[in-house]
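Below: the structure, in structure tokens.
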Amino acid sequence: MHASTSSQILDSALDAIGNTPLIRLDRLAQERASNAICVLGKVEFLSAGGSVKDRIAKAMVLAAEKDGKLIPGKSVVIEPTSGNTGIGLAMTCAIKGYPVIITMPNKMSQVCLPAVLTIPIVLISNTRHRGHCAHRKEKEALLRALGAEVIRTPDEEPWDSPRSHIGVAKRLQREIPYGVILDQYGNVNNPLAHEYTTGPEIISAITSTVSTPTKPSSLKVDAFVAGAGTGGTITGVSRALKKDHNPQCIVVGVDPIGSVLALPEYLNDESPKPYVVEGIGYDFVPQVLSRDPSDVDHWVKSSDNDAFRAVQRLMVTEGLLVGGSSGSALSGALAWLKTDRGQKVAQTEGLNVVVLLPDGIRNYMSKEWFLDFALRPGTSRIPQTASDTVNRCN
């Protein structure tokens, strides 16, 4: 646990959401970017629920209670999500006492269970359907462990289809008494959670860290890089950074190839295409995402391969067990630092570039992309004499 919460007793896990550390990525920056700048990772998997989405889950539930939209003992929380928002909501609602139903596309990390809720939905209850064994893995297992019901939807359905995870959630809301969709895609408390917590935490960490001859700092956030899913993170953090801290801060959005969020539009494919990275990118532009150039200065497209290579480098060089979308953010940051404007930043001593690392590897341990590099033979760091001994023991 990090220093901001380790010195006191907390009332619940909700109080352990956020206040995540900002960690220097010096070894990786020197290897891939520049010796001049300071590349920093905002490590969100150290939040209580394991991701940046904990922040919005807590904010949306507390706001809905305050507004009377959630009624203890009656309300059922329903949310379409790629997984992390669902985990944050399931954790928050476990503490608050609300039942939760999560609708989630099939591609999101799954576990093998003998029975699951499937489409079409005939009945929603705690009783598992008998039938075939579908492949379900980490995210669903975590959601169910926290008491949530999980409904899988087809990957190929467009967002506005009644069979998509969004369409199914809307149907559930119509049919379940006191069903409430908190709607991360349109809920103002999504970006506000980051404007009021994530952004100020980043500013505080940088302004309170002394600049030294060996670790020079502008004492400002000079650039901020984040992937975009709902867009709440990049929108909210951008507003926190630019409003009062540093109006000249450059904000870079990272969008996976196959998604349609980037600007100018020519950066995107004519039609959405499948990609493996989870939690970022969409086939529509969420309401809470501001693509106004005053909020997001530049966009970079990131491939699955670039993302997964960046995950591997973060693990091997920095010891950070991050997930795929963290790799997207880092690979996007490194790509932007090679552009004309990025080069000016990279070559200026003491500038601070913050990369938002949304979650950890916990949710992706059985994914082929992770197992491929984690288990394949590679160059050993062990001295040859020790390596010979190890090989004899295998």
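Here Ser164 pairs with Glu157, Ser161, Ile166 under the side chain to side chain contact (heavy atoms under 4.5 Å, CB included) rule; sequence neighbours left out. Partners of Tyr185 according to the ring pair (Phe, Tyr, Trp, His ring centres under 6.0 Å) rule, which considers only residues two or more places apart in sequence or in another chain, are Tyr282, Phe284. With sequence neighbours left out, the side chain to side chain donor-acceptor pair (under 3.5 Å) criterion links Thr92 to no other residue. Listed by chain and residue number, nothing satisfies the side chain to side chain contact (heavy atoms under 4.5 Å, CB included) test with Glu368 (two or more places apart in sequence, or in another chain).
Applying the ring pair (Phe, Tyr, Trp, His ring centres under 6.0 Å) rule to pairs touching residues 186-242 yields nothing, sequence neighbours excluded.
Here the side chain of Lys301 pairs a donor or acceptor atom with the backbone of Ser259 at under 3.5 angstrom.
Side-chain contact check for Ile361 versus Met315: some heavy-atom pair is nearer than 4.5 Å. Side-chain contact between Asp255 and Asn268 is present, with heavy atoms from C-beta onward closer than 4.5 Å.
Closest heavy-atom contact between Arg152 and Pro105: NH1-O, 2.8 Å. Of all the heavy atoms in Gln343 and Gln347, the pair that sits closest is OE1-NE2, 2.6 Å. The two residues Ile181 and Ala169 have their closest heavy-atom pair at CD1-O, 3.4 Å. Shown here for Ala193 and Ala59, the closest heavy-atom pair between the two residues is CB-CB, 3.8 Å. Residues Val221 and Val354 come closest through the heavy atom pair CG1-CG2, 4.0 Å.
For the 3.5 Å distance criterion, the side chains of Asp292 and Ser294 qualify, holding a donor opposite an acceptor. Between Gln184 and Thr230, the side chains place no donor N or O within less than 3.5 Å of an acceptor N or O (distance only, hydrogens not considered). Side-chain contact annotation: Asp306 with Ser331, donor-acceptor N/O pair under 3.5 Å absent.
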Distance-only criterion, 3.5 Å: show the donor-acceptor pairs between side-chain atoms of residues 66-74 and protein atoms not counting sequence neighbours.
none

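Atom-to-atom distance recorded for Leu267:CG and His298:NE2 is 11.5 Å, nearest 0.5 angstrom. A distance of 11.5 Å separates CD1 in Ile202 from OG1 in Thr207, rounded to the nearest 0.5 Å.
In this structure, Phe373 and Phe370 have perpendicular ring planes: the angle between them is above 60°, well past the 30° mark.
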Kindly indicate, with the supporting measurements, whether the criterion side chain to side chain contact (heavy atoms under 4.5 Å, CB included) is fulfilled by Leu25 and Leu320. CA-CA 10 Å; Leu25 306 179; Leu320 292 172; 3.7 Å; yes

Trace of the side chain to side chain contact (heavy atoms under 4.5 Å, CB included) decision for Asp297 with Ile250: CA-CA 6 Å; Asp297 299 86; Ile250 303 167; 4.1 Å; yes

CA sep, side-chain torsions, deciding dist, call: Val39, Leu334, side chain to side chain contact (heavy atoms under 4.5 Å, CB included): CA-CA 10 Å; Val39 179; Leu334 296 176; 5.9 Å; no

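Among Thr348, Leu351, Val353, the one residue that satisfies the side-chain contact (heavy atoms from CB on, under 4.5 Å) test with Asp222 is Leu351.
In summary, Arg362 and Glu138 do not engage in a salt bridge, as defined by a charged side-chain N under 4.0 Å from a carboxylate O. Using a 4.0 Å cut-off between charged nitrogen and carboxylate oxygen, Asp359 and Lys53 do not count as a salt-bridge pair. With respect to Arg55 and Glu44, a salt bridge is recorded, a charged nitrogen being found less than 4.0 Å from a carboxylate O. Taking the charged nitrogens against the carboxylate oxygens, Asp340 and Lys344 have no contact shorter than 4.0 Å, which rules out a salt bridge.
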